[in-house]
There are 2 protein chains.
Amino acid sequence: MAAKTTRRQIVDAADDLFYSGGFSQTSFADIAAAVKISRGNFYYHFKSKDEILDAVIGKRLDDREKLLASWDQTAESPASRIECFIKIVIVNQAKIMAYGCPVGTLTAELTKLDHASKEKANKIMALFRDWLTRQFEELGCVDFADEHALHVLSWSQGVATLAQTFKDETFVQREVRQIVSWLNDIDQDTL
Amino acid sequence: MAAKTTRRQIVDAADDLFYSGGFSQTSFADIAAAVKISRGNFYYHFKSKDEILDAVIGKRLDDREKLLASWDQTAESPASRIECFIKIVIVNQAKIMAYGCPVGTLTAELTKLDHASKEKANKIMALFRDWLTRQFEELGCVDFADEHALHVLSWSQGVATLAQTFKDETFVQREVRQIVSWLNDIDQDTL
DNA sequence: TCACAATTAGGACAATTGCCCTAATTCGTC
DNA sequence: GACGAATTAGGGCAATTGTCCTAATTGTGA
């Protein structure tokens with residue numbers, strides 16, 4: 001029990017620190033200090049920093065899967081589910097303005113580092129892509145489902161990046177309004 | 001002469017390395033090795049790593065200003081100038097797929113580091129924003145010029161991020177086609 | 001209560017970091 | 001050619017990095 005809890009504490013703390021400060025800039029000492037354990041104890045649970053990163057990516061994958069699954073259950077129409085995705089940028093506005101998109105910034109960093117776990121990090125993005133594609137398929141636009149999915153995903157990354165740069169709340173809201181209107185047009189057309 | 005050349009060599013090498021590997025991950029030794037000079041010589045030209053970053057950002061600002069100025073001269077209509085901007089993602093496709101957008105990834109990294117030069121890095125983004133705003137104003141849509149500018153800028157960041165993640169050439173080309181079509185619609189409306 | 005495994009603590013390591021110093025070399029100018 | 005300034009080389013610094021080690025402390029089951 002204690003072990004599992006400690007391990008989970010480490011992963012959670014690393015998740016936050018990797019998000020707010022970046023992976024390579026976060027040190028063993030930083031995580032250990034956040035969890036308030038010794039480095040020795042730390043190394044008992046994870047043999048290397050890369051192993052922690054792997055666990056963090058795994059956790060993020062799980063978290064997003066659960067989030068998408070909850071939307072699958074609560075939201076009735078595929079359009080409203082896509083809208084849930086779109087509005088993450090509003091729900092998480094404060095954090096996005098401070099640290100950007102947790103998925104986009106991590107994949108970008110790991111790609112630059114040419115890190116071994118970059119492919120795994122890309123899976124989070126692919127998870128969103130596949131889920132969005134499914135929603136657009138259910139919406140009726142089978143031929144363009146993947147294109148639309150990439151379009152929405154790309155949109156979210158752009159909004160996140162500019163939100164982080166300019167910290168303009170009205171920009172985010174306006175962009176959300178526009179893409180939702182675009183989504184409704186598609187929904188209309190496929191009736 | 002030799003001094004100026006050496007200094008320029010350092011800045012150029014740092015520019016490349018900061019782009020391909022990130023700022024914090026690039027060390028003094030990396031840059032010195034790229035330029036093939038001793039660390040002592042290195043330190044003669046720059047007192048600290050932050051000073052190099054400052055010079056690199058300054059150089060990037062200059063480069064972009066020149067690029068925009070060249071478009072101002074060569075392209076005849078504001079619409080075709082905006083199209084020049086849009087098509088950077090195609091012109092620089094290979095590098096973008098490997099390292100993302102040089103502007104977006106740097107601002108994201110410096111924001112996470114809470115680095116003193118983050119505001120200066122944001123100026124590069126603001127430079128594009130202001131230039132795009134001017135183009136949309138000349139296009140006739142005075143009231144929505146800044147909104148459109150942010151929209152195009154946001155679009156470019158999203159495309160760059162996803163291009164880096166999925167390395168999908170057709171995605172980039174499709175997105176360019178779509179935004180150009182959107183641009184033409186605006187151009188049409190304001191006649 | 002005892003033995004044994006799981007967990008934690010903390011010291012130590014080689015390597016790397018950004019940074020600083022002094023001595024040598026090159027350069028332009030008289 | 002000689003002189004002073006500009007430039008370069010390279011050693012060395014303290015601090016931090018990720019990693020590893022051993023000893024102490026827990027908890028658990030017999």
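Here is how names work: the chains are called A, B, and so on, in the same order as the sequence lines, proteins then strands, and each is numbered from 1.
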Peer 1: Mind calculating the distance between NZ (A:K36) and P (C:dA9) to the nearest angstrom?
Peer 2: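 Value for this atom pair: 13 Å.
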Peer 1: Rounded to the nearest angstrom, tell me the gap between atom CD in B:E51 and atom P in C:dG18.
Peer 2: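 Roughly 15 Å, once rounded to whole Å.
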Peer 1: List for me each residue that meets side chain to side chain contact (heavy atoms under 4.5 Å, CB included) alongside B:S80, sequence neighbours excluded, and say none if there are none.
Peer 2: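 With neighbours one apart ignored, the set is B:A75, B:S77.
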Peer 1: Please report the shortest heavy-atom distance between A:L139 and A:P78, naming the atom on each side.
Peer 2: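 Here A:L139 and A:P78 meet closest at CD1-CG, 3.7 Å.
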Peer 1: Among D:dG10, D:dT7, C:dT8, which nucleotide sits nearest the side chain of B:N41?
Peer 2: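 Side chain of B:N41 sits closest to D:dT7.
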Peer 1: With sequence neighbours excluded, what pairs up with B:K118 under the side chain to side chain contact (heavy atoms under 4.5 Å, CB included) test?
Peer 2: B:L110, B:D114
Peer 1: Roughly how many Å is it from NZ in A:K49 to P in C:dT16, rounded to a whole number?
Peer 2: 16 Å
Peer 1: So, is B:S38 close to the D:dG10 phosphate, meaning a side-chain N or O under 4.0 Å from OP1 or OP2?
Peer 2: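 The answer is no; no side-chain N or O of B:S38 sits under 4.0 Å from OP1 or OP2.
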Peer 1: Using a cut-off of strictly less than 4.0 Å, decide whether B:T6 has a side-chain nitrogen or oxygen near OP1 or OP2 of D:dT8.
Peer 2: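 Yes, because at least one side-chain N or O of B:T6 sits under 4.0 Å from OP1 or OP2 of D:dT8.
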Peer 1: What is the ring orientation for B:F18 with B:F23, classed by angle as parallel under 30°, tilted 30 to 60°, or perpendicular over 60°?
Peer 2: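 Rings of B:F18 and B:F23: perpendicular, as their planes differ by over 60°.
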Peer 1: What is the separation between atom CZ on A:F42 and atom P on C:dG10, rounded to the nearest whole Å?
Peer 2: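 Taking CZ of A:F42 and P of C:dG10, I get 16 Å after rounding.
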Peer 1: Report the distance from atom CG of A:D30 to atom P of D:dT17, rounded to the nearest whole Å.
Peer 2: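 Rounding to the nearest Å, CG of A:D30 and P of D:dT17 are 6 Å apart.
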Peer 1: Provide, to the nearest angstrom, the distance between the OH atom belonging to A:Y44 and the C1' atom belonging to D:dA23.
Peer 2: 15 Å
Peer 1: How would you list, by chain and number, every residue that makes a side chain to side chain contact (heavy atoms under 4.5 Å, CB included) with B:S24, sequence neighbours excluded?
Peer 2: A:S24, A:Q25, B:E109, B:L113
Peer 1: At a heavy-atom distance below 4.0 Å, what parts of residues 21-29 of chain A sit against DNA chain D?
Peer 2: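 Heavy-atom cutoff 4.0 Å gives A:T26, A:S27, A:F28.
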Peer 1: Nearest to the side chain of A:R39, which nucleotide is it out of C:dA12, D:dA9, C:dA9?
Peer 2: C:dA12
Peer 1: Return each pair, listed once, that meets ring-ring contact (aromatic ring centres under 6.0 Å, His included) where at least one residue sits in residues 73-104 of chain A; pairs must be two or more places apart or across chains.
Peer 2: A:Y19-A:Y99, A:F85-A:F128
Peer 1: Can you check the B:H45 NE2 to D:dA6 P distance for me, whole Å?
Peer 2: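 Whole-Å distance recorded here is 13 Å.
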Peer 1: For B:N41, which residues count as a side chain to side chain contact (heavy atoms under 4.5 Å, CB included) partner, sequence neighbours excluded?
Peer 2: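 B:N41: side chain to side chain contact (heavy atoms under 4.5 Å, CB included) contacts with B:T6, B:I37, B:S38, B:Y44, B:H45.
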Peer 1: Taking NZ from B:K47 and P from D:dT7, how many angstroms apart are they, rounded to a whole number?
Peer 2: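 Rounded to whole Å, this separation is 15 Å.
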